[in-house]
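Below is one structure, written out as structure tokens, with a few remarks after it.
We use all heavy atoms of the structure for the numbers below, so side chains are in, but hydrogens, waters and symmetry mates are not. Chain letters run A, B, ... following the sequence lines, proteins first and then strands; every chain starts at 1. Predicted model, so just to flag it, every value in this text is computed and none were measured.
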Amino acid sequence: MCETIRIRDAKEHIGQKVRLRGWLRNKRSGKNLHFLIVRDGSGELQCVAAEDSLPVETMELCDRMGIETSLEVCGELNADDRAPGGVELQVTQIDLLQLVADYPITKKEHGTEFLMENRHLWLRSSKQIAIMRVRDMVEKAWADFFYDRGFVRVDTPIFTPNAVEGTTTLFDVDYHGEKAFLSQTGQLYNEATAAALGRVYCFGPTFRAEKSKTRRHLLEFWMLEMEAVFFDHEDNMRFQEELILDTIRAVLKNCTAELEILGRDTAKLEAAKAPFPRMHYRDAVKLINDKMPGREEEFEYGSDFGAPEETFLGEQFERPVFITNFPAHTKAFYMKRDPDDPETVLASDLLGPEGYGELIGGSQREDDLEVILERVREFKLPEEAFQWYFDLRRFGSVPHSGFGIGLERTLTWLCGVPHIRETIAFPRMLHHMYP
RNA sequence: UCCGCGGUAGCUCAACUGGCAGAGCGGCUGGCUGUUAACCAGUAGGUUGGGGGUUCAAGUCCCUCCCGCGGAGCCA
């Protein structure tokens with residue numbers, strides 16, 4: 001009986017007899033020789049089944065095994081330059097778990113529709129595995145980043161009674177006879193816990209019922225939102241910058257193999273250096289009107305940027321760019337007005353380069369009760385529902401800021417994948433909930 | 001919701017102005033002792049998304065519905 005190992009550790013066992021357990025990823029066969037590419041979740045390894053060292057039945061079995069056959073393989077690990085990765089296993093025994101002959105995903109190209117219908121199987125392919133690993137790394141990097149800076153993770157509710165930014169974009173559910181919504185942000189709750197703990201963040205799924213159907217949208221996506229007391233607008237942006245740089249650092253350091261599989265040009269990620277440019281909304285509008293190609297109508301001051309504008313702005317720099325000071329009426333009620341420019345708010349959107357769109361949205365929060373009441377009325381929001389929130393301005397209001405960063409958008413950029421749907425195992429999209 | 005593109009073999013696609021529905025991959029059979037999406041030969045595989053219409057004749061033209069993709073608005 002030989003030691004069972006995981007493929008990622010294969011190099012440490014060269015010269016030894018070992019057992020692998022996993023799936024047949026691919027097979028290349030000769031009459032007296034089979035190259036079995038076996039994967040076990042930790043990696044993949046070429047296993048060589050040669051006629052002169054195996055019984056006839058085993059060779060016949062190799063003939064019949066199709067892709068994704070589950071099996072256990074024993075043999076000796078050898079260094080060999082001809083093998084992908086430089087290591088291969090000389091097979092001495094194969095124990096079949098399940099023979100598969102008709103795995104639907106083949107080695108040739110497939111269309112999006114087919115792959116999405118087979119998402120549960122598509123996840124086994126190398127690019128998808130790489131993306132899931134990068135995702136895991138980013139989640140860990142974020143947790144470490146906030147922990148190291150004295151933040152406390154406090155998760156916020158998913159059922160919420162009221163809408164922060166208008167009800168049209170929320171999924172509603174029956175909360176035992178009462179109407180509830182699936183959360184769109186944990187921001188207001190973060191402000192409450194920040195007043196208790198100083199620096200907090202939440203991380204979880206968030207839901208948008210918008211009928212958006214683009215490469216940047218999901219109906220269910222994961223967002224990390226942080227809130228910190230005594231952070232002003234500038235502190236907030238510097239902190240976002242630090243988070244992005246740290247995330248890139250972690251991924252470049254720990255996901256080299258994954259980025260390679262994804263064909264990601266890492267120079268593009270390395271180019272993201274501090275400081276990220278800051279551009280006033282007013283200047284962004286001017287830039288769009290002066291330089292944006294193919295524009296026929298004048299972009300009107302006071303409008304919100306659409307996807308083409310965001311893409312254009314993001315492409316002007318090799319690093320992410322902050323757009324600041326949006327006109328107050330285009331942004332949420334809780335954002336603080338800029339004392340030096342009261343028509344605008346102390347908010348920022350961080351746009352990714354290469355046209356990946358908005359990664360982060362953040363702002364300093366309004367801390368004056370009177371002003372915030374005025375804004376709630378201006379936005380025609382139900383005052384009663386926000387009484388608890390107003391209490392935060394009644395009992396020891398302090399300056400504070402925060403932001404939200406979308407995990408899948410960030411991953412789309414880091415991995416350089418064309419569509420956000422690949423950055424989450426089971427994407428929830430417009431009219432798409434299977435599997 | 002709106003705009004654009006598409007739906008043909010298990011998969012990816014082809015079929016000029018309407019005129020016998022095809023290829024590659026995958027499957028199966030056979031060949032090959034070092035393959036790298038292995039290769040070579042053979043073979044099976046079809047209600048051309050559904051319904052209706054025009055025509056001697058429809059994958060192709062018209063109407064309609066369904067589904068998918070890309071995008072807009074909105075947003076992370």
Of the listed G34(B), C75(B), C11(B), the closest approach to the D304(A) side chain comes from C75(B)
Please tell me which of the listed nucleotides, U12(B), G73(B), U33(B), lies nearest to the side chain of F114(A)?
U12(B)
For the aromatic rings, using the six-membered ring if either is Trp, is the centroid distance between F203(A) and F146(A) under 6.0 Å?
no
Among G34(B), C69(B), C75(B), the nucleotide that comes nearest once only the side chain of E310(A) is considered
C75(B)
Using a distance-only test with no angle check, is there a side-chain donor-acceptor pair under 3.5 angstrom linking T344(A) and N325(A)?
yes
Given atom CG of L219(A) and atom C1' of A76(B), what is their separation to the nearest angstrom?
13 Å
Between G22(B) and C40(B) - P atom distance, rounded Å
23 Å
Can you tell me if F35(A) is stacked onto the base of G34(B), using a 5.5 Å centroid cut-off and an angle below 30°?
no
Symbol by symbol from the 5' end, with Watson-Crick or G-U pairs under 3.5 Å, [ ] crossing and | another strand, RNA chain B is (((((((..((((.....[..)))).(((((.......))))).....(((((..]....))))))))))))....
Between U33(B), G26(B), C75(B), which nucleotide has the shortest distance from any of its atoms to the side chain of L33(A)?
U33(B)
Over 60° means perpendicular and under 30° means parallel, so tell me whether Y389(A) and F386(A) are parallel, tilted or perpendicular.
perpendicular
What nucleic acid atoms does P84(A) come within less than 4.0 Å of, heavy atoms only: base, sugar-phosphate, or nothing?
base
Between E358(A) and E51(A), just flag the one whose closest nucleotide in RNA chain B comes earlier from the 5' side.
E51(A)
Categorize E44(A) for me: base, sugar-phosphate, or nothing, with a 4.0 angstrom heavy-atom threshold over every strand shown.
nothing
Identify whether any heavy atom of E408(A) sits under 4.0 Å from a base atom; if not, whether one sits that close to sugar-phosphate; answer base, sugar-phosphate or nothing.
nothing
Using a cut-off of less than 4.0 Å, is there contact between a side-chain N or O of R216(A) and OP1 or OP2 of A72(B)?
yes
In whole angstroms, how far is the P atom of C75(B) from the CE atom of M335(A)?
10 Å
Within this structure, what is the NE2-to-P distance between H110(A) and C25(B), rounded to whole angstrom?
14 Å
Would you call the rings of F305(A) and Y281(A) parallel, tilted or perpendicular, where under 30° means parallel and over 60° means perpendicular?
tilted
Contact class for L359(A) (heavy atom, under 4.0 Å): base, sugar-phosphate, or nothing?
sugar-phosphate
Please state the P separation for the pair G7(B) and U60(B) - nearest whole angstrom.
11 Å
For W122(A) and U12(B), give me the distance from atom CH2 to atom P, rounded to whole Å.
12 Å
Ignoring backbone atoms, establish whether H34(A) has a side-chain N or O less than 4.0 Å from OP1 or OP2 of G34(B).
no
For the side chain of H432(A), starting at C-beta, report the closest nucleotide among G34(B), C69(B), A76(B).
C69(B)
Could you tell me whether G66(A) contacts a base, only the sugar-phosphate backbone, or nothing, with contacts defined as non-hydrogen atoms closer than 4.0 Å?
nothing
Using the ring of F379(A) (Phe, Tyr or Trp, six-membered ring only), decide whether R377(A) places NZ or CZ under 6.0 Å from its centre and within 45 degrees of its axis.
no
Decide whether Q128(A) and E422(A) meet the rule of one side-chain donor and one side-chain acceptor closer than 3.5 Å.
yes
If you assign S29(A) and F221(A) each to the RNA chain B nucleotide with the nearest heavy atom, which residue ends up on the more 5' nucleotide?
S29(A)
Rounded to whole Å, please give me the gap between CZ in F305(A) and P in C75(B).
13 Å
Write down the distance between CG (L224(A)) and P (A76(B)), rounded to a whole number of angstrom.
14 Å
Ring centres under 6.0 Å, that's the criterion: do F239(A) and F231(A) meet it?
yes
Which of the following nucleotides, G34(B), C11(B), U33(B), is nearest to the side chain of Q90(A)?
G34(B)
From C25(B), G34(B), C75(B), nucleotide with atom closest to R82(A) side chain
G34(B)
List the steps, then state whether side-chain contact (heavy atoms from CB on, under 4.5 Å) holds for I424(A) with W222(A).
CA-CA 9 Å; I424(A) 185 165; W222(A) 284 63; 4.0 Å; yes
Taking any heavy-atom pair under 4.0 Å as a contact, classify N32(A): base, sugar-phosphate, or nothing.
base
Please identify each residue that fulfils side-chain hydrogen bond (donor to acceptor under 3.5 Å, both in side chains) with D155(A), with sequence neighbours left out.
R153(A)
Would you indicate which nucleotide in G34(B), C28(B), G68(B) comes nearest to any side-chain atom of E113(A)?
G68(B)
Between R421(A) and G70(B), is there a contact of a side-chain N or O with OP1 or OP2 at under 4.0 Å?
yes
Closest to the H217(A) side chain, choosing from C75(B), G34(B), C11(B)
C75(B)
Could you tell me whether L218(A) contacts a base, only the sugar-phosphate backbone, or nothing, with contacts defined as non-hydrogen atoms closer than 4.0 Å?
base
Please pick, from A76(B), G34(B), C74(B), the nucleotide with the shortest atom-to-atom distance to any side-chain atom of M223(A).
A76(B)
If you look at every strand shown and take non-hydrogen atoms under 4.0 Å, does G111(A) touch a base, only sugar-phosphate, or nothing?
sugar-phosphate
